[in-house]
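The model shown is predicted, which means the values in this text are computed figures rather than measured ones.
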Amino acid sequence: MSSAIEKKNFILRNLQEVLGEDKLDVILKERDLKIYWGTATTGRPHIAYFVPISKIADYLKAGCEVTILFADLHAYLDNMKAPWELLELRVQYYEHSIKAMLSSIGVSLEKLKFVRGTEYQLSK
């Protein structure tokens with residue numbers, strides 16, 4: 001995708017409200033956007049995940065750099081019932097599931113990265 005107009009169309013597609021559209025135009029003339037989305041790994045991803053994933057797909061198609069945060073510490077603190085080992089497996093499952101969802105709709109994963117809350121929220 002080459003033009004700022006094409007990128008903007010993907011970025012704004014299916015959004016109900018857009019604030020700062022003028023700033024978006026300026027940024028897209030200079031560089032691609034950097035997008036951040038976070039989710040707590042409290043249970044299994046389900047069909048409703050396709051809602052944010054379809055928007056993330058639009059961002060990736062527009063050339064945006066997308067970082068997905070897995071809020072594993074947040075998930076632990078939500079109920080403190082799941083052991084850390086299970087939370088680690090959930091993070092892996094979320095990453096595989098999200099990659100599979102995006103791949104299933106033909107989206108490149110080249111500009112997608114994942115981080116975990118515990119990577120920077122805790123020190124050993």
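Applying the salt bridge (charged side-chain N to carboxylate O under 4.0 Å, His left out) test to E65 and every residue at least two apart in sequence or in another chain returns nothing.
There is a path of hydrophobic side-chain contacts, each under 4.5 Å, that joins V91 to W37. No continuous path of hydrophobic side-chain contacts links V51 to Y59 [ILVMFWY only; heavy atoms under 4.5 Å]. Y93 and L102 are members of different hydrophobic clusters when ILVMFWY side chains are connected at heavy-atom separations under 4.5 Å. Residues I98 and V115 do not share a hydrophobic cluster, clusters being chains of Ile/Leu/Val/Met/Phe/Trp/Tyr side chains in contact below 4.5 Å. Residues L33 and F10 do not share a hydrophobic cluster, clusters being chains of Ile/Leu/Val/Met/Phe/Trp/Tyr side chains in contact below 4.5 Å.
Residue Y49 comes nearest to A40 through the heavy atom pair OH-O, 4.1 Å, listed as atom of the first residue, atom of the second, then distance. Nearest approach of A48 to P52, heavy atoms of both residues: O-CD, 3.3 Å. Considering all non-hydrogen atoms of both residues, A57 and V107 come closest at CB-CG2, 3.6 Å. Counting all heavy atoms, side chain and backbone alike, A75 lies closest to L87 at CB-CD2, 4.0 Å. For the pair D72 and T41, the tightest heavy-atom approach, listed with the atom from each and the gap, is CA-OG1, 3.7 Å.
Taking CG from L69 and CD from E119, the interatomic distance works out to 9.0 Å, rounded to the nearest 0.5 Å. Separating the OG1 atom in T39 from the NE2 atom in H74 is a distance of 9.0 Å, to the nearest 0.5 Å. A distance of 10.0 Å separates CG in D78 from CG in L73, rounded to the nearest 0.5 Å. Going from atom NZ of K7 over to atom CG of L28 covers 7.0 Å, rounded to the nearest 0.5 Å. Separation of atoms CG (L12) and CD (E17) is listed at 12.0 Å; rounding is to 0.5 Å. Interatomic distance, I56 CD1 to F50 CZ, rounded to the nearest 0.5 Å: 11.5 Å.
K111 places a side-chain N or O within 3.5 Å of a backbone atom of G63 that can act as its donor or acceptor partner. Under a 3.5 Å cut-off, the side chain of K55 and the backbone N or O of I11 do form a donor-acceptor pair. Checked by atom type and distance alone, the side chain of S104 pairs as donor or acceptor with a backbone atom of M101 at under 3.5 Å.
Atom CZ of R44 is surrounded by 12 or fewer heavy atoms from other residues, nucleotides or ligands within 6.0 Å. Other residues, nucleotides and ligands contribute over 12 non-hydrogen atoms within 6.0 Å of the CG atom of L15.
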Verdict with supporting geometry, V26 and K23, side chain to side chain contact (heavy atoms under 4.5 Å, CB included): CA-CA 5 Å; V26 172; K23 291 180 185 178; 5.6 Å; no

Pair E85-L89, side chain to side chain contact (heavy atoms under 4.5 Å, CB included): steps then yes or no: CA-CA 6 Å; E85 297 79 24; L89 292 172; 5.7 Å; no

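Within the cation-pi definition used here (under 6.0 Å to the ring centroid, within 45° of the axis), K34 does not qualify as a partner of Y36.
No side-chain N or O of Y76 forms a donor-acceptor pair with one of T118 less than 3.5 Å apart.
Aromatic ring pairs are classed by plane angle as parallel below 30°, tilted from 30° to 60° and perpendicular above 60°; the pair F70 and Y94 is perpendicular.
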